[in-house]
There are 2 protein chains.
Amino acid sequence: MGSYGQFCPVARAMELLDERWTLLVVRELLAGSRHFNDLRRGVPRMSPSLLTKRLRTLHDAGVVERHEGPNSVTYELTAAGRELHHVVEALGIWGTRWMPEIGDHHLDPRLLMWDLHRNVDLEAMPDGRTVLEFHLPDAKPRARDWWVVADDEGADLCDDDPGYEITARIEASLETLSRVWIGEIAWDRAVRAGDLRISAPDHVRRQLPTWLTLSHFASVDRPMAGV
Amino acid sequence: MGSYGQFCPVARAMELLDERWTLLVVRELLAGSRHFNDLRRGVPRMSPSLLTKRLRTLHDAGVVERHEGPNSVTYELTAAGRELHHVVEALGIWGTRWMPEIGDHHLDPRLLMWDLHRNVDLEAMPDGRTVLEFHLPDAKPRARDWWVVADDEGADLCDDDPGYEITARIEASLETLSRVWIGEIAWDRAVRAGDLRISAPDHVRRQLPTWLTLSHFASVDRPMAGV
DNA sequence: CAGTATCCATTTCGATACTG
DNA sequence: CAGTATCGAAATGGATACTG
């Protein structure tokens with residue numbers, strides 16, 4: 001394993017990048033995660049020891065820098081790491097266009113809510129606190145109810161009721177919400193079909209789609225759409 | 001192994017593409033190889049059974065088409081496969097810019113000569129037959145001498161003396177010629193340093209660099225150059 | 001030309017539990 | 001918070017030889 005025995009730069013890049021999980025960790029770092037446990041939330045099926053190992057490999061390759069603070073450790077991409085965004089972008093576009101639709105084994109409520117919560121548009125939200133309650137009836141008990149609590153400082157994700165007043169409640173199956181998030185079905189269409197149910201005052205209901213920024217790849221053109 | 005359990009399109013693309021050798025096979029197909037044994041020459045360290053397996057996986061994923069002719073089998077990229085050129089391109093550029101210089105274990109005379117021979121510029125060459133003899137003194141006996149025989153039909157690679165009149169003879173270590181090929185050192189500089197030695201009439205000697213097109217990534221800007 | 005067949009050493013990863 | 005420790009099951013793929 002390891003080297004391909006080729007001088008070709010594609011092969012030498014893949015020596016590092018074809019290791020399982022590696023580019024997903026890079027994707028998380030590109031998305032802005034800095035702490036070990038934040039990274040974990042972006043790759044929830046990855047074991048912590050494997051994450052450690054990958055971070056070390058990426059560090060040794062000059063892609064990641066590790067900073068030890070007084071009471072926290074942060075990881076950051078180097079210039080080389082930041083340039084991997086071209087690779088991740090190309091992969092994401094290709095995956096969106098050509099990979100078959102998502103199946104049950106691709107669905108993960110923890111990842112979905114983690115992605116959703118870190119992409120809320122704080123600017124678009126009203127001043128003060130906004131609390132979005134999500135209910136995924138078909139998820140496992142522990143992953144069924146979520147709260148995104150946003151103020152001008154940022155957005156937090158809770159899996160316990162924080163007790164605040166709810167601005168809006170969103171109910172959908174894990175599959176529906178996932179497919180809306182990645183752009184496979186449109187928000188409005190899911191609402192009209194009754195697959196996405198919103199409990200909120202009318203003005204909130206209208207605003208809601210602008211608060212939730214969908215996946216970066218949601219707007220990618222799909223050649224197979226409707227086939 | 002296999003699924004990452006993520007709906008993220010980067011993850012779904014990597015489910016297919018992070019398997020060892022896969023993108024190098026795609027690179028070969030993008031470079032124009034159509035036949036099994038041509039593909040093998042582009043990935044000389046890959047076992048034939050593994051190549052078979054990867055081709056099957058790529059076929060099942062809709063990336064490759066397999067055509068059985070009367071006495072030959074050809075593989076061709078589908079539209080989905082052709083679009084992987086964005087991914088391969090991004091990887092090659094990144095690898096060129098950020099992967100450390102090549103080491104001995106990256107050198108492979110078979111691959112080098114295969115790459116060189118399929119990138120000669122037939123248009124730039126004189127009419128009739130052109131025969132380039134390569135001598136790599138430090139390669140293993142069987143991989144030390146090569147002949148590229150080009151006419152207006154195409155270029156062939158031989159590892160036995162075809163017996164034709166030699167237009168030019170090029171002598172360099174495997175490392176030097178590899179580094180020139182991938183653009184790590186310039187042709188002229190290698191010649192001036194005496195690392196690349198050419199036996200040919202003066203007008204051929206001047207023309208030679210235009211006949212040999214270097215690696216597609218040779219011209220990529222290297223941020224670490226000279227550090 | 002275009003693959004199969006075989007075989008095992010090695011790796012790799014996932015799951016889980018635990019720690020300063 | 002930021003990791004280690006441990007373990008075994010699974011698979012991966014490299015080497016080599018062979019075939020219609």
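Naming: A, B, ... by sequence-line order, numbering from 1 per chain. The figures here come from the full heavy-atom set of this structure, side chains too, leaving out hydrogens, waters and symmetry mates.
If you measure from atom CZ of Arg40(B) to atom P of dG3(C), you get 11 Å, rounded to the nearest angstrom. A straight line from CG of Asp18(A) to P of dT12(D) spans 13 Å, rounded to a whole angstrom. Rounded to an integer number of Å, the gap from CZ of Arg34(A) to P of dG3(D) is 15 Å. Note: CG (Asn71(B)) to C1' (dA2(C)) measures 12 Å, nearest angstrom. The nearest whole Å value for the distance from the CG atom in Leu39(A) to the P atom in dA2(D) is 9 Å. In this structure, Leu51(A) places its CG atom 9 Å from P of dG3(D), rounding to the nearest Å. For the pair Leu50(B) CG and dG3(C) C1', the computed distance is 13 Å after rounding to whole Å. Protein atom NE2 of His59(B) is 16 Å distant from nucleotide atom P of dA2(C), rounded to whole Å.
Both Glu19(A) and Ser47(A) lie close to DNA chain C; mapped to their nearest nucleotides by heavy-atom distance, the more 5′-ward contact belongs to Glu19(A). Mapping Asn37(B) and Arg56(B) onto DNA chain C by nearest heavy atom places Asn37(B) closer to the 5' end of the strand.
For dA2(C), neither phosphate oxygen OP1 nor OP2 lies less than 4.0 angstrom from any side-chain nitrogen or oxygen of Thr52(B). Using a 4.0 Å cut-off, no side-chain N or O of Trp21(A) falls inside it from OP1 or OP2 of dT12(C). Between Arg20(A) and dG14(C), a side-chain N or O to OP1/OP2 separation shorter than 4.0 Å is present. In terms of phosphate contacts, Arg54(B) brings no side-chain nitrogen or oxygen within less than 4.0 Å of OP1 or OP2 of dG3(C). In terms of phosphate contacts, Tyr75(B) brings a side-chain nitrogen or oxygen within less than 4.0 Å of OP1 or OP2 of dG3(C).
Note that the CG atom of Leu132(A) and the CZ atom of Arg169(A) stand 12.5 Å from one another [nearest 0.5 Å].
Of the charged side-chain nitrogens involved, at least one lies within less than 4.0 Å of a carboxylate oxygen, so that Glu101(B) and Arg179(B) count as a salt-bridged pair. In summary, Glu165(B) and Arg129(B) do not engage in a salt bridge, as defined by a charged side-chain N under 4.0 Å from a carboxylate O.
Shown here, dG20(D) forms a base pair with dC1(C); the pair counts as Watson-Crick or G-U wobble because both key distances fall under 3.5 Å. Across the strands present, dA15(D) finds its partner in dT6(C); the criterion is a Watson-Crick or G-U wobble pair with both atom distances under 3.5 angstrom.
At a cut-off of 3.5 angstrom, counting only N and O atoms as typed in the model, there is a donor on one side and an acceptor on the other between the side-chain of Ser49(B) and the base of dA5(C).
For Trp147(A) and Phe134(A), the ring centers sit 6.0 Å or farther from each other.
Of the possible polar contacts, none joining the Arg118(A) side chain to the Leu116(A) backbone as a donor-acceptor pair under 3.5 Å is found.
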